[in-house]
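Only one structure is covered here, and it is reproduced in the block below.
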Protein chains: 2
Amino acid sequence: MELKQQATVTLAEVAEAAGVGESTVSRVLRNHGSFSGKTRERVMAAVERLGYVPNRIAGTLASTGSRLVAFVIPSLSNIVFPDVLRGASAVLEENRYQSVFSVTDYDPGREEALAAAMLAWRPAAVMLAGYEHTDGTAKMLRASGCRVVELLDLDGDALDIAVGFSNRAAGRESAAFLLKRAYRRIGYVGHDLQRDTRAGKRFSSFCETLEAAGAPLIAREILAGPSSVENGRLGLERLLARATDLDAVYFSNDDMALGGYFHCLAQGIAIPSQLAIFGYNGLDIGRAIPQPLSTIRTPRVATGEIAAQLIVANAPPQVVDLGFELIEGATA
Amino acid sequence: MELKQQATVTLAEVAEAAGVGESTVSRVLRNHGSFSGKTRERVMAAVERLGYVPNRIAGTLASTGSRLVAFVIPSLSNIVFPDVLRGASAVLEENRYQSVFSVTDYDPGREEALAAAMLAWRPAAVMLAGYEHTDGTAKMLRASGCRVVELLDLDGDALDIAVGFSNRAAGRESAAFLLKRAYRRIGYVGHDLQRDTRAGKRFSSFCETLEAAGAPLIAREILAGPSSVENGRLGLERLLARATDLDAVYFSNDDMALGGYFHCLAQGIAIPSQLAIFGYNGLDIGRAIPQPLSTIRTPRVATGEIAAQLIVANAPPQVVDLGFELIEGATA
DNA sequence: GTGAAAGCGCTAACAT
DNA sequence: ATGTTAGCGCTTTCAC
């Protein structure tokens with residue numbers, strides 16, 4: 001260990017040490033413009049010797065565009081969002097972009113405040129979940145001049161770019177599948193739908209599809225709070241206490257469905273003969289349980305990847321429907 | 001929708017519109033220094049009217065310290081890290097800090113490159129997992145003058161602040177528990193230990209403890225790639241094919257252990273009478289399966305929270321041991 | 001209580 | 001190929 005901290009080295013010091021001008025150092029470091037091989041070596045040597053770390057704050061202020069992408073996500077507990085971040089950050093890091101994030105906890109007011117805070121960093125793009133924003137958020141985003149990507153939902157009007165799939169279609173196909181399998185007495189176990197609007201959309205189109213087929217939803221159990229395995233278990237327990245003659249249950253997602261599955265396992269309820277279970281998300285764990293979970297696999301990582309690629313490429317406004325895949329599984 | 005984009009409003013324009021000086025606007029906006037109530041109103045009105053969003057890039061450059069915290073994490077697939085981020089970001093957002101992150105994929109070389117990139121934003125702190133950094137990373141971090149927090153591991157020397165618990169102790173206690181329960185023919189199923197050094201530490205102290213008790217590990221199955229439920233299932237299947245007389249298996253974490261549990265369920269192997277299973281992490285799902293998983297619950301969210309609190313409070317260098325909790329469960 | 005002016009550390013013309 | 005010089009949009013003395 002050598003030099004002391006705090007006294008951060010600046011580009012000017014590197015220039016002085018290398019015996020060249022500041023702009024030359026800048027050119028060499030960004031590998032942009034022209035300079036001789038010798039100059040390059042002297043600059044790099046000075047950088048190395050002084051332990052220079054460029055200041056991106058200054059760099060960004062002086063130039064345009066910020067190689068910073070802001071994510072405003074509802075939650076980190078729901079695996080969906082880490083998955084999206086994972087896909088996006090892989091692509092972004094490859095392209096030397098950086099990711100800032102903040103968590104709204106499904107609160108539109110918080111989303112607005114956090115989006116404003118993110119905008120203050122003048123990101124190249126802000127990515128947020130779905131279409132349900134306050135007027136303030138939408139207005140701010142539009143006025144910011146930075147790219148906006150709405151993720152994981154296509155049922156609405158895009159501000160700029162949207163990448164994901166239709167939650168309504170997912171709900172519809174789930175219902176159609178259960179109907180096709182001849183289930184007619186269907187129930188639902190879900191988590192807080194006011195907050196998770198995408199789950200709400202799935203649920204409402206699920207119900208519509210059942211009604212249109214003359215087999216309306218028999219009973220529902222909505223639990224307060226976020227989705228979890230334990231809430232799924234509890235939800236099914238409560239639902240079955242009220243509605244004893246169900247033949248299938250649709251869950252708001254796989255976490256909840258797994259809870260339901262475990263409840264049946266523990267109670268000796270035969271799946272799917274006595275009760276069918278259908279989830280949403282296509283988590284890996286659903287494939288590893290003794291009977292693979294019937295569910296819809298969503299392109300979470302791909303959503304992040306595509307969104308990032310579009311931003312890196314500065315693509316025009318567009319809606320990208322990645323679709324989803326219905327997994328027949330063995331529980332329905 | 002009103003004005004056009006791109007022409008971003010600056011503080012100078014707000015000052016002009018409000019008929020005051022720039023520094024006055026700055027004072028009002030940061031609520032710092034003195035100004036009259038009237039001035040305040042006029043400034044706020046102008047801000048509102050013009051839709052001004054302060055530029056933090058410029059603000060940070062002009063002032064000192066950056067209310068930015070950088071996370072350099074190995075993965076987003078392993079729930080551990082989203083959990084840490086969740087705890088930290090809740091505290092940080094409350095204190096108007098922002099979070100940048102990047103994912104190393106367990107590669108120390110990448111960690112160095114990404115840490116350098118993060119440092120370029122002059123964050124208030126950089127938080128990274130564990131102690132295993134390259135010399136270059138350590139040197140850079142030390143020279144940067146910014147706070148460093150090492151998370152989730154206490155078996156080593158801290159650069160500045162460390163928050164977490166001892167993985168060696170976790171491995172030791174897991175072994176002690178199995179021995180106390182009179183299991184003597186113990187096997188191990190794990191994922192890539194070269195990369196996940198914390199899992200490696202647990203494993204080695206687990207083995208040492210077994211040996212010291214005269215019941216050395218009988219067999220192990222290490223799978224390439226990250227931990228997953230499916231790999232746990234596969235790992236146990238392979239392990240049992242080679243070692244038929246095991247009475248307990250230790251897994252590198254709960255994901256893997258759940259896979260093992262499901263394998264037993266599917267194969268009709270009685271748990272724990274025929275085979276005991278022990279995990280690590282204390283995931284919620286482990287409590288929802290028919291037999292609660294025996295495991296060690298780690299303070300992941302709390303690790304993030306405490307780390308963030310220490311940074312917000314600008315606490316002195318220290319090591320915070322949050323410990324962990326052994327869950328007896330029903331699988332061992 | 002308020003304004004003027006000097007930077008913060010870079011980048012991007014524009015010279016040379 | 002390289003140096004000089006204006007900013008980028010703020011914060012922060014320091015006068016008034």
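Lettering follows sequence order; numbering is per chain, from 1. None of these values were measured; they are calculated from a predicted model.
Side-chain contact check for A/Gln98 versus A/Arg56: some heavy-atom pair is nearer than 4.5 Å. In this structure the side chain of A/Val320 reaches within 4.5 angstrom of the side chain of A/Leu310, judged on heavy atoms. Side-chain contact between A/Arg122 and B/Asn55: present, with at least one pair of heavy atoms (C-beta onward) separated by less than 4.5 Å. Counting heavy atoms from C-beta outward, B/Cys146 and B/Leu119 have side chains that approach closer than 4.5 Å. Taking the side chain as every heavy atom from C-beta outward, A/Val69 and A/Ile311 approach each other to under 4.5 Å. With a 4.5 Å cut-off on side-chain heavy atoms, B/Ile73 and B/Thr104 do not count as touching.
Within a heavy-atom distance below 4.0 Å of DNA chain C, the residues of residues 53-62 of chain A found are A/Asn55, A/Ala58, A/Gly59, A/Ala62. Within residues 15-22 of chain A, the residues having any heavy atom closer than 4.0 Å to DNA chain C are, in order of number, A/Glu22. Contacts between residues 113-124 of chain B and DNA chain D, defined by a heavy-atom separation under 4.0 Å, are absent. Against DNA chain D, the stretch residues 24-44 of chain B makes heavy-atom approaches under 4.0 Å through B/Ser26, B/Arg30.
Rounded to the nearest 0.5 angstrom, B/Leu50 CG and B/Glu13 CD are separated by 7.0 Å. A/Asn95 contributes atom CG, which lies 7.0 Å from atom CZ of A/Arg67 (distance to the nearest 0.5 angstrom).
Of all nucleotides in DNA chain D having an atom under 4.0 Å from a heavy atom of chain B, the first and last in 5' to 3' order are D/dG9 to D/dT12.
Of the possible polar contacts, none joining the B/Asp196 side chain to the B/Pro74 backbone as a donor-acceptor pair under 3.5 Å is found.
The side-chain contact (heavy atoms from CB on, under 4.5 Å) check on A/Ala116 picks up A/Met140, with sequence neighbours excluded. Listed by chain and residue number, A/Tyr131, A/Glu150, A/Ala162, A/Val319 satisfy the side-chain contact (heavy atoms from CB on, under 4.5 Å) test with A/Ala158 (two or more places apart in sequence, or in another chain). Annotation: side-chain contact (heavy atoms from CB on, under 4.5 Å) contacts of A/Pro317 (sequence neighbours excluded): A/Arg147, A/Asp160. For B/Glu93, the side-chain contact (heavy atoms from CB on, under 4.5 Å) test picks out A/Ser102, A/Val103, A/Arg110, A/Leu114, B/Ser89, with sequence neighbours left out.
The number of heavy-atom neighbours closer than 6.0 Å to CD of A/Glu16, taken from other residues, nucleotides and ligands shown, is 12 or below.
Applying the ring pair (Phe, Tyr, Trp, His ring centres under 6.0 Å) test to residues at least two apart or on different chains, the pairs with a partner in residues 95-114 of chain B are A/Phe101-B/Phe101. Listed by first and then second residue, the ring pair (Phe, Tyr, Trp, His ring centres under 6.0 Å) pairs involving residues 19-74 of chain B amount to none (not counting sequence neighbours).
The residues A/Glu132 and A/Lys201 are annotated as salt-bridged, a charged nitrogen and a carboxylate oxygen being separated by less than 4.0 angstrom.
Note on the helix from C/dG1-D/dC16 to C/dT16-D/dA1: angle between the axes of the first and last five pairs equals 30°, rounded to 10 degrees.
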